[in-house]
Amino acid sequence: MSTEDDPRMRLAEDARQEVARIDRRISIALLITALLTLAGLFAGALQENILPQWSLVQEQYLQLLEEKATDDWGKQVADRFALQVSQVVVPALGITDRCVSCHNGLDDPRMTDVDQPHSSHPGHYLEWHEASRFGCTICHRGQGRALTFEEAKGISDDWDQPLLPPALTQSGCGLCHSADEVRGQGGELYAQGRDLFTRRGCQSCHKLAGRGGIAGPALDAEGSKSREALTFANVKGPHTLAQFLAEHFDDPQGVVPGSEMKPPQLTLHENLALTIYMLSLQDRSIPASYLSPGTHLELAEERLPGNESGAELFSRYCGVCHDTGRYGRYDDFFKLFIPAIRGKGLLSLASSDYLAENIRRGRPGTRMPPWGEASGGLTDVEIARLVTFIRSEVQPPETAAAKKLMERTLDPDLTLRGDALRGGAIYARHCTGCHGEEGRGTIAPAIANPVFQETASDGFLYATIALGRPDTAMPNFLGVQGMGLVDGDVRDLIAYLRSLAQGGTL
Amino acid sequence: MKRGLAAFAANLRNLPATVRQSVIRRGSSGSARNSSLAVFGNVFLHLHATRIHRRTLRFTATMGLGMIAASAFGILCVTGLLLMVYYKPSTDLAYDSIKDIVTVVPSGRFVRNIHRFAAHIMVAAVLLHMARVFFAGAYKRGREFNWVVGIVLLILTLGLSFTGYLLPWDQLGYWAITVGSNIAASPRELTDALGITGWFDPGGFQKELLLGASEVGQEALTRFYLLHVVVLPVAMVALLAVHFWRVRKDGGLARPDEIRTRSGEGAPATDSLPTAPAEAPHKTYGLMCVVADRRPATDLDPVDTVPSWPFLLRAELLVFMVTFFACVALSLFWDAPLKTLANAAIPENPAKAPWYFLGLQELVSYSALMGGLVVPALSMLGLGLIPYLDRETADAGHYFAGRPGRRIAWLSALFAALFAVLAVAVPVNFGWLRNWFPDIDQLVIILVNPGTLLTFFYAAWSLIVLWRSGSTRLGAIALFTCFLVGFVILTYVGTSLRGPNWDFYWSQADWPVH
Amino acid sequence: MSDRLKPEPVSRRDFLGTAGLLASGVALLGSAVAAMRLPRPRALPEQGRAFRIGRPEEFPSGTSEIVPGRNVLVLSGPKGIAAISLVCTHLGCIVSPASGGFSCPCHGSRFDQLGGVTQGPAPRALPWLAVRKAPNGMLVVDGSQEVPPGTFHVA
């Protein structure tokens with residue numbers, strides 16, 4: 001029986017042919033795929049072994065070594081140079097830096113005239129900062145574990161600490177050194193940044209090491225802020241913390257819409273210095289053995305009353321709002337009136353205790369934060385120094401009547417009685433315009449403020465109303481020379497003012 | 001003495017042959033017997049039948065999807081072992097160890113990339129394999145249990161991927177797992193609304209079980225590592241063995257009846273099979289029927305079947321090589337992501353899970369409990385029950401059960417697409433209940449949100465199909481198609497159209513600069 | 001059918017065998033249940049939920065600061081001091097201050113200044129945490145004790 005005759009056999013033959021056809025296709029596809037896979041693996045191996053950046057760089061460096069080898073020693077150096085990944089590991093700082101795989105000539109003085117990455121490290125820093133103890137990224141930042149320059153720069157979103165431009169590396173000094181130590185030793189910008197920080201009164205609003213105001217965020221870890229914590233929508237330059245800080249100093253509201261920070265108005269150089277100082281404020285823990293003696297001292301000073309004079313303290317913690325403090329003024333930026341705390345009107349009446357207590361406790365509900373040790377970080381010694389400074393230009397009372405009133409203000413036990421209801425009417429007529437309804441304050445201070453109520457004596461109130469504040473908009477109200485109030489009116493007014501404290505209008 | 005040396009020399013000469021014989025115990029000729037021995041003489045290959053239907057070799061029969069998934073799993077096991085050589089499961093060391101793997105470990109970056117892409121491929125292949133098996137009706141006629149095993153394997157696959165996501169300890173993994181573990185805690189949404197969390201808190205229990213603490217930390221990393229490298233892979237291997245074994249024991253690939261016919265006979269296979277004697281002990285039945293066939297099969301291979309060795313195994317090797325090549329090629333051009341070190345204070349924005357969870361994340365952005373737990377759990381349960389609720393056997397092995405099924409599938413796809421787009425478009429443009437009624441009760445939002453509505457409409461649609469067509473198979477096709485299309489669309493929306501703060505953007509270029 | 005295939009009556013040996021099987025099953029199940037206790041330690045390996053934030057004077061009225069490492073916002077106003085958890089009640093992301101309240105980056109939940117939900121999937125308001133004064137005068141935030149929104153600790 002032939003296959004043609006039997007339909008069954010014919011089908012079987014068809015089936016066999018189909019299988020053979022499929023199998024042939026499979027075999028061909030298998031061959032092709034296997035060869036492609038091999039090619040892919042080969043490409044991977046090439047990428048991995050032949051073409052890595054560091055090995056190309058090291059070959060160039062070896063050539064340089066051979067060119068520079070003028071004597072036997074130089075030849076030995078060249079001969080001993082092995083092509084391999086090299087790294088600096090500093091367990092104490094948690095650092096593994098492979099930068100030295102490409103930057104081979106860092107401590108070879110013969111390499112000053114060659115191009116990066118082969119050239120030697122500028123300056124004499126490496127003489128004092130042995131690489132094996134400090135690594136590279138401690139000052140330069142960047143991604144130490146990387147083996148290509150692109151990754152080492154760490155400018156992608158995948159790395160938080162991008163390589164700093166050379167001009168900003170001084171921020172590293174601040175991790176271990178005090179500003180005074182590095183001044184004139186290569187850390188000028190860092191030292192200037194710190195000076196700016198204290199002189200410009202940044203701490204009027206920002207806390208550092210527990211000392212400062214509360215209007216802005218604390219700055220203790222500003223220099224190690226994650227990029228994810230920042231908004232770069234309005235940053236024109238590269239999206240790095242350093243760039244953010246620099247542009248923010250120039251235009252706080254432009255970079256952070258709604259920011260309440262007063263533009264510090266820095267020159268280009270000052271901006272650089274302050275950015276460097278900000279970058280030095282990191283929450284990275286540095287072992288105590290790394291800190292220089294000066295830093296220990298400075299750290300201690302941050303917590304103990306330092307040597308700062310009253311004037312220095314004033315510009316550091318008060319200056320941004322009170323300026324010189326000699327005159328009351330309307331601040332265009334903060335959109336509010338700021339009292340003349342060094343004006344002779346106040347100082348001729350206010351006792352030192354009154355000033356100290358108001359500094360210590362602030363004025364709740366206003367921009368004036370408490371500065372006492374637990375809140376603003378100022379010790380009693382420092383507050384006393386501040387008060388002395390504030391009173392340094394105090395004028396003696398001019399008239400005998402004023403002198404008498406002045407003496408009364410210093411008597412804390414003096415209590416004046418009056419008719420609060422009547423006082424309220426007087427208040428509505430004469431005072432509401434500036435001090436606001438129920439003493440809530442508008443362009444003049446809030447009289448209902450609890451700290452004011454507690455610290456101001458009746459005598460102080462009486463004298464203030466009677467004499468006014470000569471260097472402010474507050475006129476004298478007593479007598480014919482003033483606004484025509486009589487003694488009883490003032491007493492009634494004081495009774496009304498005291499009732500505001502219980503009212504708890506705040 | 002001399003004779004001893006001669007024997008020794010002869011043994012030495014025959015060494016290759018004897019060693020070979022001892023290992024594989026079969027001749028080298030390509031006879032049918034040797035082909036069979038190759039398969040059932042080998043403990044691993046024995047998972048295959050010695051002979052398979054020739055239709056199995058056709059591409060359209062399987063599209064190789066199951067084998068792609070299995071290949072990817074094999075690649076994942078090997079690359080995973082290689083990565084374990086360097087990986088350190090500690091919150092202090094994990095990130096740096098991954099950095100070292102991609103920078104200084106020879107081929108480390110390559111191996112890690114392959115691991116990553118193989119994981120993507122595996123998930124995709126498992127999902128497609130499930131769809132293929134479903135649309136071919138291959139869960140019917142004795143294959144019900146293997147379908148359920150497949151569902152469990154799908155869950156294990158997703159679990160492996162999810163647990164692996166945390167291990168690099170970068171922002172990506174940290175926040176994806178924070179979100180994921182809080183989905184586990186989402187029954188609190190309900191218990192809080194009912195005010196009974198104080199004494200009945202299954203959500204908190206699940207989260208603690210997963211994390212070993214109240215937030216993602218070292219304990220969570222240890223647990224996820226344990227799950228990722230031991231528990232889930234071992235369960236996977238065991239169940240894969242069951243899955244393969246049942247493919248064979250359940251009769252190989254499902255195929256339409258007419259294909260099952262013996263060549264030249266034209267009648268359904270069941271008719272041509274000899275009936276077993278009533279009294280015959282069941283166990284020997286299979287053997288008897290071969291012998292009792294009308295034509296002795298001594299000189300002719302059964303024409304519908306081909307030996308697994310080498311035909312099927314060569315095809316499988318091809319699928320494996322294609323999968324491996326895809327991994328290698330992708331790894332050459334794209335690196336697996338590694339974000340910045342995990343930071344518990346600043347969430348990644350947007351915090352996105354792996355792509356196959358983003359459809360769920362879209363639902364979760366209305367209700368964590370419904371979108372994250374109830375809808376997926378119901379879907380898995382529904383999937384598992386399909387073969388037990390659809391017992392029609394007529395169209396097993398036919399893609400889409402023929403023309404009517406194809407029509408239903410198209411209609412369902414359109415319906416599902418429309419509603420999935422609506423479920424995204426309405427809340428994006430008009431907000432949802434809380435925007436309209438700020439004081440609305442949370443219970444209402446749990447019950448009525450785009451996720452639950454979508455599920456409801458899909459179920460209703462398939463019931464309508466079931467009612468109108470009178471066919472459970474068509475109803476199942478409608479339901480499965482709906483969920484598949486809904487899954488694809490929501491996944492696309494979650495992956496491509498959601499940006500920072502989970503806001504809607506047509507393209508990533510429109511994302512606000514962060 | 002042959003006798004061989006007929007079911008036999010239960011013998012004593014079968015009973016013993018079944019009992020042994022059952023007992024083994026129960027014992028294994030019991031040990032499995034006992035092992036399920038293992039994943040939940042009696043104390044979770046983490047920082048205590050209650051933590052000290054400082055003296056009341058450190059939080060003058062107007063303060064609004066995030067306690068480092070705790071994801072808790074301490075607010076101080078004329079009514080006193082309060083602590084609000086910044087962990088989103090939806091899926092545990094950390095909310096950040098935004099215009100008019102807080103917003104969550106993960107799924108777009110928004111909260112008003114007192115933590116009430118205004119938008120998005122968050123099932124409930126941001127929890128307010130109990131603020132207490134310890135015997136030594138320090139303020140303590142107890143993260144394990146939630147208080148009704150708007151509860152201020154009066155210093």
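So you know, we letter chains A, B, ... as the sequences are listed, proteins then strands, and number each from 1.
- In terms of heavy-atom pairs under 4.5 Å with chain A, the best-connected choice from B:P106, B:A329, B:S107 is B:S107.
- Looking at A:I22, the atoms closer than 4.5 Å to chain B (heavy atoms on both sides) all sit in the side chain, from C-beta outward.
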Show the numbers, then the answer: is there a side chain to side chain contact (heavy atoms under 4.5 Å, CB included) between A:L147 and B:V104?
-> CA-CA 8 Å; A:L147 274 175; B:V104 286; 3.5 Å; yes
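- For chain A, the option among B:D96, B:I346, B:L332 with the highest count of heavy-atom pairs below 4.5 Å is B:D96.
- Put simply, of A:V235, A:T148, A:T96, A:L41, the one with the most heavy-atom pairs under 4.5 Å next to chain B is A:L41.
- By the 4.5 Å heavy-atom criterion applied to side chains, B:N349 and A:E228 are not counted as neighbours.
- The contact list for residues 151-163 of chain A toward chain B, using heavy atoms and a distance under 4.5 Å, reads A:E151, A:D157, A:D158, A:W159, A:D160 by residue number.
- Chain A is approached within less than 4.5 Å, heavy atom to heavy atom, by B:L338, B:K339, B:T340, B:N343 from residues 335-343 of chain B, ordered by number.
- Of the candidates A:T37, A:L35, A:I32, B:F325 forms a side chain to side chain contact (heavy atoms under 4.5 Å, CB included) with just one, namely A:T37.
- Heavy atoms closer than 4.5 Å to chain A are found in the side chain of B:Y95, but not in its backbone.
- Expressed to the nearest 0.5 Å, how far CG of A:D23 lies from CZ of B:R314 amounts to 4.5 Å.
- The candidate with the highest count of non-hydrogen atom pairs below 4.5 Å against chain B, out of A:V85, A:V19, A:L31, is A:V19.
- Contact tally against chain A (heavy-atom pairs below 4.5 Å) for B:D100, B:V322, B:V102: the top residue is B:D100.
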